[in-house]
Amino acid sequence: MKVSRNGLRWLAVVVGIAAVAVTAMAVSASAKPQAKYVLGVSNTLVGNGWREEMICAVKAQAAASGIVSKVVVANRNGGPAEQAADIRNLISAGANAIIINPSSSTALNGVISQAAARGVKIVSVDQRVAAPQAHNVTNDQVAYGRIGAEWLFKTLGGKGNVVEMRGIAGVPADTDRHAGFQQALRRYPGIKVVKQTFTGWSFAPGGKQILDILNSGVKVDGVWTSGIDYTIVNAFKTAGKPYVPVVGADNNQFLKQLLTVKGLRGLAVTNPATIGGAGAAVAIKLLKGQSVKNWVKLTPEAWDNGTAAGKAKIKANFSPSRPPTYSARLQIKPWTTYSTQQLFSCKGP
């Protein structure tokens with residue numbers, strides 16, 4: 001069959017348009033992020049609301065990234081031996097990067113080195129690890145301890161009996177916060193630490209500990225806590241004792257108490273559980289070949305319910321719809337990019 005010149009020209013135009021369309025579709029498809037990475041999470045403190053929110057933030061940031069296909073969580077109570085085993089299992093499960101909340105600053109160095117040798121990125125959140133292959137994304141935990149203690153000692157006029165309620169003995173955040181507490185204590189020789197406890201960062205045991213101290217007859221003028229706060233306030237009411245200044249974290253129920261409990265003076269020192277999301281963002285950047293500084297360190301804020309500015313911050317961050325132990329700070333900019341719905345749903349990709 002003979003084809004005219006006009007027909008040939010028309011055919012060429014049609015073929016050209018089809019080629020452009022195919023190319024455009026290919027470009028469009030290639031521009032869309034491909035979900036190709038697997039993130040692992042290793043947590044060794046179960047039943048703690050702060051840690052649960054941390055894991056939800058990891059899942060939310062993974063979902064928001066569009067390039068993570070799955071989040072695998074190893075979640076159990078344990079120490080360095082159990083956590084090292086969990087990290088190895090996550091490596092075997094195909095994790096490209098693992099976000100850990102470490103049970104030790106040094107005891108995980110060996111397994112972190114093994115992960116690095118396999119090309120697996122390790123990002124430690126909340127607490128710092130010493131392994132040079134790891135990246136750290138943490139609150140400044142020394143500052144956390146020092147800021148709260150300085151406020152407490154100053155509020156007491158530089159003299160009085162205080163209780164130091166720590167977290168878990170031997171873990172990095174507890175060691176750092178105690179160091180900050182001691183830095184402040186050296187500046188106030190009139191302050192006496194009459195009791196020191198380890199709460200395990202569990203609210204009910206912490207409340208019982210302070211209740212036992214109050215019922216023992218020991219004079220208590222102030223309480224510094226490593227974040228186990230609202231049950232401490234409850235214990236004073238149970239014991240029928242006048243409230244004393246209390247240092248806590250930005251837990252939702254403590255914020256409510258700072259706004260509503262008559263006669264309570266307190267300070268909330270921020271320690272955002274959404275550090276998990278920031279850690280996930282760092283892990284994803286590393287997987288994409290981007291450069292991130294070895295230690296991303298947040299500076300804690302201090303919200304004093306005895307000042308107008310502090311009370312405004314507390315009001316802005318308290319929510320009557322959130323659980324008592326929910327950490328108030330929902331985003332850590334510029335790192336987290338998830339929506340509030342993604343965070344609250346706690347569903348990863």
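None of these values were measured; they are calculated from a predicted model. Each residue takes its place number in the sequence, starting with 1.
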>> Please check if the number of heavy atoms outside Arg76 that lie under 6.0 Å from its CZ is greater than 12.
In response: yes
> Of all residues at least two apart in sequence or in a different chain, which pass the salt bridge (Lys or Arg N to Asp or Glu O under 4.0 Å) check with Asp221?
Replying inline: Lys219
> What are the two closest non-hydrogen atoms of Asn215 and Ala239, and how far apart are they?
Replying inline: OD1-CB, 4.0 Å
> How far apart are the closest heavy atoms of Leu267 and Phe254, and which atoms are they?
Replying inline: O-CE2, 3.5 Å
Evaluate the side-chain proximity of [Y] to [X]: yes if any heavy-atom separation is below 4.5 Å, no if none is.
X      : Y      : result
Leu258 : Leu264 : yes
Asp212 : Leu214 : no
Val123 : Ile98  : no

> Which of these, Met54, Glu53, Glu52, sits in a side-chain contact (heavy atoms from CB on, under 4.5 Å) with Trp50?
Replying inline: Met54
>> For the residue pair Thr270 / Trp303, report whether a side-chain donor-acceptor contact shorter than 3.5 Å exists.
In response: no
>> For a quick check under 3.5 Å, do Asn43 and Arg51 share a side-chain donor-acceptor pair by atom type?
In response: yes
>> Assess whether a salt bridge exists between Lys313 and Asp304, defined as any Lys/Arg side-chain N lying under 4.0 Å from an Asp/Glu carboxylate O.
In response: no
>> Do the side chains of Arg329 and Asp250 get close enough for a salt bridge, i.e. N-O under 4.0 angstrom?
In response: no
> Roughly how far apart are Ser42 OG and Ile87 CD1, rounded to 0.5 Å?
Replying inline: 4.5 Å
>> Suppose we screen for side chain to side chain donor-acceptor pair (under 3.5 Å). Which residues come up paired with Trp335, at least two apart in sequence or across chains?
In response: none
Donor-acceptor contacts, no H, no angles, side chain residues 129-137, under 3.5 Å, sequence neighbours left out:
unit_1, atom_1, unit_2, atom_2, d
His135, NE2, Val292, O, 3.3
Asn136, OD1, Val129, N, 2.8
Asn136, ND2, Val129, O, 3.4

